[in-house]
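Take a look at the structure below.
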Amino acid sequence: MNPVIVAIDGPSGTGKSSTSRAVAAELGLSYLDTGAQYRAITWWMLSNGVDVNDPGAVADAVDKPVIVSGTDPGKPAISVDGLDASGPIRSQEVTAAVSAVSAVPEVRARMVAYQRSTTAAAPGGIVVEGRDIGITVLPTATVKIFLTASAEARAARRSGELNGALSVAETQDALIRRDAADSGRKTSPLAKADDAIEVDTTTLTLEQVVERVVALVEEKRASR
Ligand SMILES: Nc1ncnc2c1ncn2[C@@H]1O[C@H](COP(=O)(O)OP(=O)(O)OP(=O)(O)O)[C@@H](O)[C@H]1O
Ligand SMILES: Nc1ccn([C@H]2C[C@H](O)[C@@H](COP(=O)(O)O)O2)c(=O)n1
C-alpha cells in the first residue's frame with residue numbers, strides 16, 4: 001500500500017507545527033516543516049547582505065545556501081551551510097522578511113523540489129506542513145487539512161510565546177500583514193485546496209485538534 005501523506009496548510013499561528021508534529025509522532029510518520037525552510041533561506045539572505053526586497057538579487061543567490069531539514073517529529077532540525085539554524089530562523093528580523101523572500105518564484109521552485117524529494121524518501125509516510133502543500137507541493141496527498149483560527153486567538157497564542165516582546169495588538173497586526181502577503185503573492189499563494197478538510201481551532205485545545213486530525217487520517221487509511 002502507498003505510504004500515507006498528510007498535507008497540513010493554514011495561516012500563521014493556527015497550530016500547524018504543533019499539530020503536525022504530534023500527529024506524525026502518534027502515527028509513526030516523518031514530519032517536514034516547510035516554513036522553516038523558507039525562514040532558513042531568508043536568514044541566509046539577511047546574513048549574507050542580500051537585499052531581501054530585490055527579487056532579482058534573491059533569485060541570483062537562491063542556489064548558494066545548503067539547507068538540510070530533519071524529519072523526526074520528536075527532534076525538529078534545520079541547518080544552513082552545516083550550522084544549526086533552528087534558533088535564528090525564529091527571530092523577528094527573519095519573520096518580517098520571510099514573506100518577501102518566499103514570494104520569489106526561484107525560491108519556491110528550489111524549495112518545492114526539495115519538499116517533494118524529502119516526501120518521496122519517507123517510505124513510512126510523512127506529515128508536511130506549510131501554505132501550498134495541498135495545492136502545489138503534494139496535490140495527491142492522502143489527506144489534506146486546512147487549519148484556521150480567529151486572528152484574536154492566533155495573536156494571543158503567539159504573544160504568549162514572545163514573552164511580551166510585542167503586545168497582542170501588535171502581534172495580531174503582524175500576523176494579518178504576513179497572511180495578506182502570503183495569500184496575495186502570484187506564485188502558489190496560501191490557499192485551501194478544494195479537497196482539504198477545514199478544522200477551525202479557535203475554541204479547540206491542541207489535544208482536541210490532534211485527536212481530530214488523527215481520526216481523519218485513520219478514517220482515510222481504513223477506506224483505502
Ligand atoms: N489548539 C490550540 N490551542 C491553543 N494554543 C495552541 C493550539 N495550537 C497551537 N497552539 C499554540 O499556538 C502557538 C502557535 O502554534 P504553531 O507554531 O503550531 O502554529 P503555526 O500554524 O505552525 O504557526 P506559523 O505558521 O506562524 O509557524 C504555539 O505556542 C502553540 O503551542
Ligand atoms: N509552504 C510554505 C511554508 C511557508 N511559507 C512562507 C510563508 C510564511 O510567512 C513563512 C514562514 O512560515 P511559518 O514558519 O510561519 O510557517 O514561510 C510559504 O510561502 N510556503
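In each ligand, atom 1 is the first atom listed, and ligand 1 is the first ligand listed. Residue numbers run from 1 in the order of the sequence given.
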| Nearest non-hydrogen protein atom, atom 4 (C) of ligand 2 | Gly35 CA, 3.5 Å
| Should Asp9 and Arg131 count as an ion pair when the cut-off is N to O under 4.0 Å? | no
| request: Provide the number and element of each atom of ligand 1 under 4.0 Å from a heavy atom of Val209. | output: 1 (N)
| task | Mind checking whether Arg39 contacts ligand 2 via backbone (N, CA, C, O), side chain (CB onward), both or neither, at a 4.0 Å heavy-atom cut-off? | result | side chain
| Which residue holds the protein heavy atom closest to atom 19 (O) of ligand 1, what is that atom called, and what is the gap in Å? | Gly15 N, 3.2 Å
| said: Can you report which non-hydrogen protein atom sits closest to atom 15 (O) of ligand 2, along with the distance? | reply: Arg178 NH1, 2.9 Å
| query | Tyr31 versus Glu129: any side-chain heavy-atom pair under 4.5 Å? | reply | yes
| message | Looking at Lys192 and Ile145, would you say the former's side chain and the latter's main chain have a donor-acceptor pair under 3.5 Å? | response | no
| Between the main-chain N or O of Ser102 and the side-chain N or O of Arg108, is there a donor-acceptor pair closer than 3.5 Å? | yes
| task | Give a yes/no on ligand 2: does Met111 have at least one heavy atom closer than 4.0 angstrom to it? | result | no
| request: Show your reasoning for whether salt bridge (Lys or Arg N to Asp or Glu O under 4.0 Å) applies to Arg185 and Asp179. | output: CA-CA 10 Å; Arg185 67 175 174 239; Asp179 289 345; over 6 Å; no
| So do Lys144 and Ile197 actually touch side chain to side chain, heavy atoms under 4.5 Å? | no
| query | Between Thr34 and ligand 2, is there a nitrogen or oxygen pair with a distance under 3.5 Å? | reply | yes
| Under 4.0 Å to a heavy atom of Arg178 - the qualifying atoms of ligand 1, by number | 26 (O)
| said: Using a 4.0 Å cutoff against the non-hydrogen atoms of Tyr38, which atoms of ligand 2 qualify? | reply: 1 (N), 2 (C), 3 (C), 4 (C), 5 (N), 17 (O), 18 (C), 20 (N)
| field | Residue and atom name of the nearest protein heavy atom (relative to atom 26 (O) of ligand 1), distance in Å to one decimal | value | Arg158 NH2, 2.8 Å
| message | Distance under 4.0 Å to a non-hydrogen atom of Leu204: what atoms of ligand 1 satisfy this? | response | 1 (N), 2 (C), 3 (N)
| Would you call Arg108 a ligand 2 contact, heavy-atom distance under 4.0 Å? | yes
| request: Looking only at distances, please establish whether an N/O atom of ligand 2 is found under 3.5 Å from an N/O atom of Asp182. | output: yes
| field | Any donor-acceptor N or O pair under 3.5 Å, side chains Asp182, Ser99 | value | yes
| Over 12 foreign heavy atoms within 6.0 Å of CD, Glu93 | no
| request: Measure from the side-chain N and O atoms of Thr142 to the backbone N and O of Ile5, and report whether any donor-acceptor pair falls under 3.5 Å. | output: yes
| remark: The closest protein heavy-atom partner of atom 25 (O) of ligand 1 is Lys16 NZ, 2.7 Å
| remark: re atom 29 (O) of ligand 1, the protein heavy-atom contact at minimum distance is Glu161 OE2, 2.8 Å
| Does the pair Asp72/Arg21 count as a salt bridge with the N-to-O cut at 4.0 Å? | no
| message | Around atom CZ of Arg178, are there more than 12 heavy atoms from other residues, nucleotides or ligands closer than 6.0 Å? | response | yes
| task | Report the nearest protein non-hydrogen atom to atom 6 (C) of ligand 2: residue, atom name, distance rounded to 0.1 Å. | result | Ser102 OG, 3.6 Å
| Taking distance alone, with no angle check, do Asp132 and ligand 2 share an N/O pair under 3.5 Å? | yes
| message | Checking the side chain of Arg158 only, and the main-chain atoms of Val168 only, is there a donor and an acceptor separated by less than 3.5 Å? | response | no
| said: Is it true that Ser86 and Arg39 share a donor-acceptor pair across their side chains at a distance under 3.5 Å? | reply: no
| Enumerated ligand 1 atoms positioned under 4.0 Å from heavy atoms of Ser18 | 9 (C), 15 (O), 16 (P), 18 (O), 30 (C), 31 (O)
| query | Quick one: does ligand 1 sit under 4.0 Å from the side chain of Arg131, the backbone, both or neither, non-hydrogen atoms only? | reply | side chain
| task | Tell me which part of Arg39 gets within contact of ligand 1: side chain, backbone, both or neither, using heavy atoms under 4.0 Å. | result | neither
| query | Quick one: does Ser12 get within less than 4.0 Å of ligand 2, heavy atoms only? | reply | no
| Short question: side chain of Lys16, backbone of Ile8 - any donor-acceptor pair under 3.5 Å? | no
| field | Per-residue contact class, Gln115 against ligand 2 - non-hydrogen pairs under 4.0 Å | value | neither
| field | Check: Arg154 side chain, Thr14 main-chain N or O, donor-acceptor pair, under 3.5 Å | value | no
| request: Return yes when Gly10 approaches ligand 1 closer than 4.0 angstrom through a heavy atom, no otherwise. | output: no
| Has the side chain of Thr201 got a donor or acceptor atom that lies under 3.5 Å from a matching backbone atom of Thr148? | yes
| Counting heavy atoms only, which part of Arg131 comes closer than 4.0 Å to ligand 2: side chain, backbone, both or neither? | both
| Arg90 near ligand 2 by a heavy-atom separation under 4.0 Å | yes
| query | Which protein non-hydrogen atom lies closest to atom 4 (C) of ligand 1, naming both residue and atom, and how far is it? | reply | Arg157 NE, 3.5 Å
| said: Is it the case that over 12 heavy atoms from other parts of the model lie below 6.0 angstrom from the NZ atom of Lys220? | reply: no
| Relative to ligand 1, is Thr205 under 4.0 angstrom through side chain, backbone, both or neither, heavy atoms considered? | backbone
| task | May I ask whether Arg154 has any heavy atom positioned less than 4.0 angstrom from an atom of ligand 1? | result | no
| Looking at Ser99, which atoms of ligand 2 are within less than 4.0 Å of one of its heavy atoms? | 9 (O)
